[in-house]
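Below: one structure, written as structure tokens.
Side-chain atoms are counted along with the backbone in the values below, which use heavy atoms only and exclude waters and symmetry mates. Since we're looking at a predicted model, the values are computed, not measured. To find a chain, count down the sequence lines: A is the first, B the second, and so on, and within it residues start at 1.
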There are 2 protein chains.
Amino acid sequence: MRTELSAEVLSALEEATSDVVTIEAGNDLVTSGEAVSHIHYLLHGTVLRYREDKKGHRQAVGIGLHGEFLDVDSFQLRVPNYSMRSLDKAEIAKIPFDGLDALLCRFPDMVHILWTSTASESIALQYWIFRIGRLRGEGRIAHLICELAERLRQYGRFESGELNLPLRQCDYAEACGMTPIHANRCFASLRERGFVDVKRARTIHVLAESELRKLAMFNSFPVNSGGNPSGIVD
Amino acid sequence: MRTELSAEVLSALEEATSDVVTIEAGNDLVTSGEAVSHIHYLLHGTVLRYREDKKGHRQAVGIGLHGEFLDVDSFQLRVPNYSMRSLDKAEIAKIPFDGLDALLCRFPDMVHILWTSTASESIALQYWIFRIGRLRGEGRIAHLICELAERLRQYGRFESGELNLPLRQCDYAEACGMTPIHANRCFASLRERGFVDVKRARTIHVLAESELRKLAMFNSFPVNSGGNPSGIVD
DNA sequence: CGCTGCATTGAAATATCTCAATCAATGTGG
DNA sequence: CCACATTGATTGAGATATTTCAATGCAGCG
């Protein structure tokens with residue numbers, strides 16, 4: 001989740017950062033079951049969080065956008081229960097736990113900021129459950145598009161209705177609990193209805209956001225404080 | 001999530017409790033979008049957390065068992081994004097935010113305990129997403145049964161393979177993102193296969209847990225520290 | 001007995017998956 | 001520039017899974 005950070009806190013975070021790494025597209029930065037010693041802050045890029053079954057089928061359980069903490073929960077749990085993979089060339093700040101501990105002493109507000117990030121994450125996951133549990137194919141894709149649009153907009157990166165992210169159709173499929181083939185058909189249907197247009201590779205043009213929202217029963221996404229907090233979709 | 005609390009912390013929590021309320025089966029104790037001023041600790045009973053769409057269809061996004069905090073995230077976010085309903089006669093301790101603040105000052109460890117509860121909740125939600133996203137009907141029901149069995153077992157309340165909870169088939173359906181009719185057929189199928197037996201109303205006899213686990217690709221559930229943390233299901 | 005709340009069943013309509021190809025864009029080496 | 005490999009999108013068609021609608025069954029209870 002995105003968090004507004006004061007300049008002071010920001011520079012303290014920067015100080016606490018042990019490493020800034022660059023990860024090529026398609027590589028894992030965290031592996032499920034392997035203990036970590038730091039949390040990640042995404043400076044640039046897009047990251048997919050996922051769980052895998054024994055057949056190697058992935059289920060996405062989150063998408064990290066730039067400017068977001070990726071795994072604050074690991075600060076408490078130490079061993080991630082998911083893997084994370086960058087979808088493009090990503091730049092990531094690693095903030096070690098011990099540095100974080102020191103930081104929390106110096107800036108007590110930091111506790112609230114990070115803890116809130118964990119809590120927002122929970123709420124976001126509940127949206128995902130709703131999406132996969134209550135909607136059918138078309139609605140699920142629409143719902144995810146709405147979520148990403150909403151988040152990018154709040155970060156000021158949703159200009160001219162363009163969703164510019166490195167997600168492939170099969171990534172949408174993994175996030176929506178469906179086959180890539182079915183995802184493709186849902187995209188086709190949304191396109192036929194005139195709701196979206198896939199401009200070029202991986203750029204989705206949102207043409208009728210309100211229709212998408214209706215279809216997806218989407219209400220605004222909880223990016224720290226934003227929007228309609230009512231769980232009732234309207 | 002269940003948390004092991006020291007006697008000292010426990011009594012402090014008790015002190016901080018403003019109210020212990022009893023809620024009859026089927027009543028809401030928290031309503032989505034309505035600000036709260038305290039968190040809930042479930043002393044006795046079973047609680048369903050859910051989100052609702054405009055048609056009134058519910059999607060469960062969590063099940064609270066006795067001995068668990070129900071909504072620590074509200075301590076950070078103040079406005080719940082979900083509703084909660086008791087499935088039986090429930091006894092609930094309300095711990096007001098300000099009391100909690102005071103408590104956290106006196107017992108710094110408390111931060112870790114509660115924060116961890118929030119983080120575990122996230123992990124649990126990821127299991128739910130996996131369940132609904134990657135499994136089909138039978139597997140989903142099996143997965144939920146495994147989760148509940150696992151949690152009850154860790155609390156020492158899973159004697160003689162009996163799942164004794166007030167969940168109706170339609171509650172399983174709401175949690176698994178499917179129609180109650182379909183849930184019924186999945187139960188029937190699990191019964192025919194000899195994996196479970198529904199003894200009497202609302203009591204599920206688990207006959208072949210290992211088979212259930214295999215079917216559900218279930219690996220142990222994260223109830224604070226327990227089990228195989230690897231996300232790879234085997 | 002006649003409710004009521006849940007579980008169960010049947011059958012047709014849809015949605016989704018699976019398998020098997022094809023297509024379009026892009027990049028690479030010669 | 002061409003031949004070829006690669007990656008991701010697209011299509012078709014049959015097999016399954018799931019939903020929907022409409023009834024029935026079954027037990028507890030006033």
Side-chain angles (χ1 to χ4, degrees), chain A residues 24-27 46 48 53 55-59 85 87-88 131-143 163 165-193 196-205 215-216, chain B residues 24-27 48 53 55-59 85 87-89 131-143 163 165-193 196-205 215-216:
Chain A
E24 292 301 320
N27 287 101
T46 308
L48 193 72
D53 68 17
K55 288 186 201 147
H57 291 145
R58 282 185 288 268
Q59 172 64 48
R85 188 178 39 143
L87 296 176
D88 48 9
R131 171 168 73 227
I132 302 178
R134 282 282 82 112
L135 304 175
R136 26 246 9 282
E138 234 188 327
R140 287 187 210 167
I141 298 289
H143 194 278
L163 212 60
L165 292 170
L167 294 173
R168 294 157 302 177
Q169 286 190 358
C170 61
D171 296 317
Y172 279 91
E174 280 180 9
C176 291
M178 65 174 82
T179 288
I181 293 161
H182 192 52
N184 176 272
R185 287 178 171 132
C186 293
F187 270 108
S189 164
L190 290 175
R191 201 163 27 201
E192 276 167 28
R193 296 225 233 169
V196 302
D197 188 19
V198 180
K199 273 301 190 193
R200 60 176 74 189
R202 302 184 182 187
T203 298
I204 293 174
H205 223 85
L215 180 62
Chain B
E24 292 301 321
N27 288 101
L48 193 71
D53 69 15
K55 289 186 199 144
H57 291 144
R58 282 185 287 267
Q59 173 63 49
R85 189 179 39 147
L87 295 177
D88 48 9
K89 190 168 186 169
R131 171 167 74 226
I132 302 177
R134 282 281 81 111
L135 304 176
R136 19 263 347 289
E138 234 188 328
R140 289 188 209 168
I141 297 290
H143 194 278
L163 212 59
L165 291 170
L167 293 173
R168 292 158 302 176
Q169 286 191 356
C170 63
D171 296 317
Y172 279 90
E174 281 180 7
C176 291
M178 66 173 79
T179 289
I181 293 159
H182 193 51
N184 176 272
R185 285 174 175 136
C186 294
F187 271 108
S189 165
L190 291 175
R191 200 163 28 200
E192 276 166 29
R193 295 227 234 168
V196 302
D197 188 18
V198 181
K199 273 300 190 195
R200 60 176 75 188
R202 302 184 181 187
T203 298
I204 293 173
H205 224 87
L215 180 62

Quiz prompt | Heavy-atom side-chain contact between B/Q169 and B/P180 under 4.5 Å | solution = no

In this structure, how many angstroms lie between the [atom2] atom of [N] and the [atom1] atom of [X], rounded?
| X | N | atom1 | atom2 | value |
| --- | --- | --- | --- | --- |
| B/E174 | C/dC6 | CD | P | 11 Å |
| B/H182 | C/dA11 | NE2 | P | 18 Å |
| B/I132 | D/dT18 | CD1 | C1' | 15 Å |
| A/H57 | C/dC17 | NE2 | C1' | 11 Å |
| B/E138 | C/dC17 | CD | P | 17 Å |
| A/M178 | D/dT18 | CE | P | 14 Å |
| B/Y172 | C/dC6 | OH | P | 15 Å |
| A/F187 | D/dT10 | CZ | P | 9 Å |

Quiz item: Where do B/L215 and B/L190 land on the side chain to side chain contact (heavy atoms under 4.5 Å, CB included) test, with the steps shown first?
Solution: CA-CA 10 Å; B/L215 180 62; B/L190 291 175; 3.6 Å; yes

Quiz item: Taking the side chain from B/R140 and the backbone from B/L135, do they hold a donor-acceptor pair closer than 3.5 Å?
Solution: yes

Among the nucleotides [options], which one has an atom lying closest to any side-chain atom of [X]?
| X | options | answer |
| --- | --- | --- |
| A/N184 | C/dT8, D/dT19, D/dT11 | D/dT11 |
| A/I181 | D/dA9, D/dT19, C/dT18 | C/dT18 |
| A/R185 | D/dT19, C/dC17, D/dA9 | C/dC17 |

Quiz item: side chain to side chain contact (heavy atoms under 4.5 Å, CB included) between B/R191 and B/D197: does it pass, once the steps are laid out?
Solution: CA-CA 6 Å; B/R191 200 163 28 200; B/D197 188 18; 4.2 Å; yes

Phosphate OP1/OP2 of [N]: any [X] side-chain N/O under 4.0 Å:
| X | N | result |
| --- | --- | --- |
| A/R136 | D/dA17 | no |
| B/R202 | C/dC6 | yes |
| B/Q169 | C/dG5 | no |
| A/R168 | D/dG8 | yes |

Exercise. Could you go through the side chain to side chain contact (heavy atoms under 4.5 Å, CB included) check for B/T179 and B/R185 one step at a time?
Key: CA-CA 10 Å; B/T179 289; B/R185 285 174 175 136; over 6 Å; no

Self-check item: Residue mapping more 5' on DNA chain D - nearest nucleotide basis, A/R134 or A/C170
Solution: A/C170

